[in-house]
Amino acid sequence: MSNAVEYELQGDIAVLKAQNPPVNALGYDVRIGLVAGIEQAEADGARAVLIYGDGRTYFAGADIREFGKPPREPLLTAVCERIESSPLLVVSSMHGTALGGGLEVAMSTHYRVAVASAKVGLPEVLLGILPGAGGTQRLPRLIGTQAALDMITTGRHVGAAEALELGVIDKINDGSPLENGLNYVRELLEQGAPRRVTSELPASEALDFDALYETILKKGRGQISPAVAMRAVQASVELPFAEGMKRERELFMELMATDQRQGLIHSFFSERAVSKLPELKGVEPRPVAAIGVIGGGTMGAGIATSALLAGLDVTLIEMNAEAAEAARGRIESNLTGALKRGKITAEKYDAMTGKALALSTDYSALGDVDLVVEAVFEEMSVKKDVFAKLDAACKPGAVLATNTSYLDVNEIATSTSRPKDVIGLHFFSPAHVMKLLEVVVADDTAPDVVATAFALGKKMGKISVRAGVCDGFIGNRILRHYRAAADHMILDGASPYQIDKALTDFGFAMGPYAVADLAGLDIGWAMRKRLAPTRDARERVPKYIDQICEAGHFGQKTGKGYYDYSGGKRGGVPNAEVMDLITAERAELGITPQDFTDADIVRRYMAAMVNEAARVVGEGIARRPLDVDMTFLFGYGFPRYYGGPLKWADLQGLPALLADIQAYAEKDPYFWQPAPLLEQLVAEGRTFDDLNKQASS
Ligand code: CAA
């Protein structure tokens, strides 16, 4: 018998204990072990079989690492059928998370008991596939079509109490999974409970499936797995079980072959790999219980909110009492939002806005804090002034962090006597909502300061990405580049509105010009002015948007920008003045506008993104391609199902992408210089993902 499933006969009950740490994924050895265990139990003349998981959980699903490799028999479907058709009474005892294939195994056993803290779910659509071992056929039979569709198309985790109410499980009992399970099996045997075979239950109710398909497809914003999974559920209603299983298999294989499946699985593993840095192995973070925040604008208040939600004490410094009051107002409003959404209790709210939060205008209030994040005006002299004050006020060993988006962290560090303690912590606005945290490591930053930053990010529920120092770090540096590609397309003939539409159709939540209006056009204006003195003469920078800014239009906050928001329509309508200014600028530059298809727009935009990302990786600003991918997923609304810009590039094929960049370079050789790393990968026939694998091996 396989080591992954331990067999033991306890009286007339055969106990199968899965032991495949860390999450008892249903890999080949476990599947073999389950079948062998059932066979052994039957041969031993047991009356019943109990299946449970050792360690932290019942089966958390199929082994995702096996996806994309040739399947090895027995497939999970066959394992489930073998379990369900056993003449013995088979029972699952669940704890932790019974997910995906795990819940499918549980549904093929005849009864299910769980501890109160257990969670169940079919999260396959989140990996770009569908429950492929009978989940779409058995769950509707157990709990009805509507409830099954909700679980299958959202992939949400359902707590034990709700699972009991729905009928996914039969009983909740606390105790060890073994004790719990044995007690339940004995109870069932005493009652003479019959085997209850899920696949033999009558089919569930029919719904208007075509209408539902359209609704689910639309909700997926380009992601297809939820809608396809719905079709499999439909088959469970309309076809006999065996044929429904065949249909489920076909649809499963279809999804398995998609790029979306590859993208989503890349996202799953990269999300976990991103904050695992080899150089931090064994490095102890410094303890952080209280933090300081300098500046209580939108960003500072968001950072303070995030820290309070993570259970930290916060001291926020503002310039004067009035500004401090305004900062308190922002934080309270953020926390009220969390209270309303049920994320915190009223008691927690009171503690967070009471004892845990102090406001001051005096840096000496920071004497005891363990870490400070500065979020003041984005200007080097202002930042340096703040850091000199922090150097004087903070205790030795306190981490001094800047939330700058672009500025040189090395230079900021020079205004202190302790550059080892200085680091960049680049939050994204609103900081209590956005998941991304760029941890910017300067030349002298000590390893335990980096470890402290990652530990803080984890506490705050962020996805932390290590970045090196350069203008814009990982995300904003790449953003500036592809935004420039979009700006060039406008000069050459596209409109901002066509670009926004092409990119939202591609899958972005918003197009770049709608985002610019939301963020405030003054930000880009200030940046263009800052970069003007060092700008290369060959760089193409449009002037029309400066004219919009000069007229006092900064986007949503002033009611006008690329779009006009005065009519009250959500998202605004195109601002007619913008097209007039663009037309005038084209005429001035002697440009004859050319047509761009939506596909051309996406291709150029993405090519610029990938090319700059390749430079960022090549220069070591991002250590691995997956660091760029996670930056874009969690900070820039990049569709998760593409896996990130560099996974997208791999799936498109790097040689074709490089060829396009070379073709674009014929007209604008300055902007479209191919990144050396991209050229190297193409020459060697390798992918960005090969570099990820190399980094983790
Ligand atoms: N297969 C392989 N490895 C898995 C895995 C799986 N199904 N689930 C988790 N792991 C790995 C993680 O990659 C991680 O590995 P490292 O330590 O090397 O990074 C380790 O197990 C621990 O996972 P987490 O860090 O995520 O631990 P957690 O406690 O935060 O979360 C969890 C545990 C809720 C189970 C979470 O890991 C999770 O959601 N896993 C995916 C569950 C899932 O999607 N199951 C469905 C699989 S598809 C399927 O079953 C198809 C089918 O129908 C046949």
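Everything numeric in this text was worked out from a predicted model, so none of it was measured. One-based numbering, in listed order, for ligands and for the atoms of each.
- Protein residues with a heavy atom closer than 4.0 Å to ligand 1 are Pro22, Val23, Ala25, Arg56, Ala60, Gly61, Ala62, Asp63, Ile64, Arg65, Phe67, Leu76, Thr97, Leu99, Gly100, Gly101, Glu104, Pro123, Glu124, Leu127, Ile129, Pro131, Gly132, Phe268, Phe269, Arg272, Lys276, listed by chain and number.
- Figure legend: Arg231 and Tyr213 shown as a cation-pi pair, the cationic atom lying under 6.0 angstrom from the six-membered ring centre and within 45 degrees of its axis.
- The aromatic rings of Phe632 and Phe638 sit perpendicular to each other, their planes meeting at more than 60°, with 30° as the lower class boundary.
- Figure legend: Arg640 and Tyr642 shown without cation-pi pairing, the cationic atom not lying both under 6.0 angstrom from the six-membered ring centre and within 45 degrees of its axis.
- Inspection of the Tyr58 and Ser92 side chains reveals an N or O donor paired with an N or O acceptor under 3.5 Å.
- With 3.5 Å as the limit, one finds a donor-acceptor pair spanning the side chains of Ser225 and Gln223.
- If you check the side chains of Gln694 and Arg686, you find a donor sitting under 3.5 Å from an acceptor.
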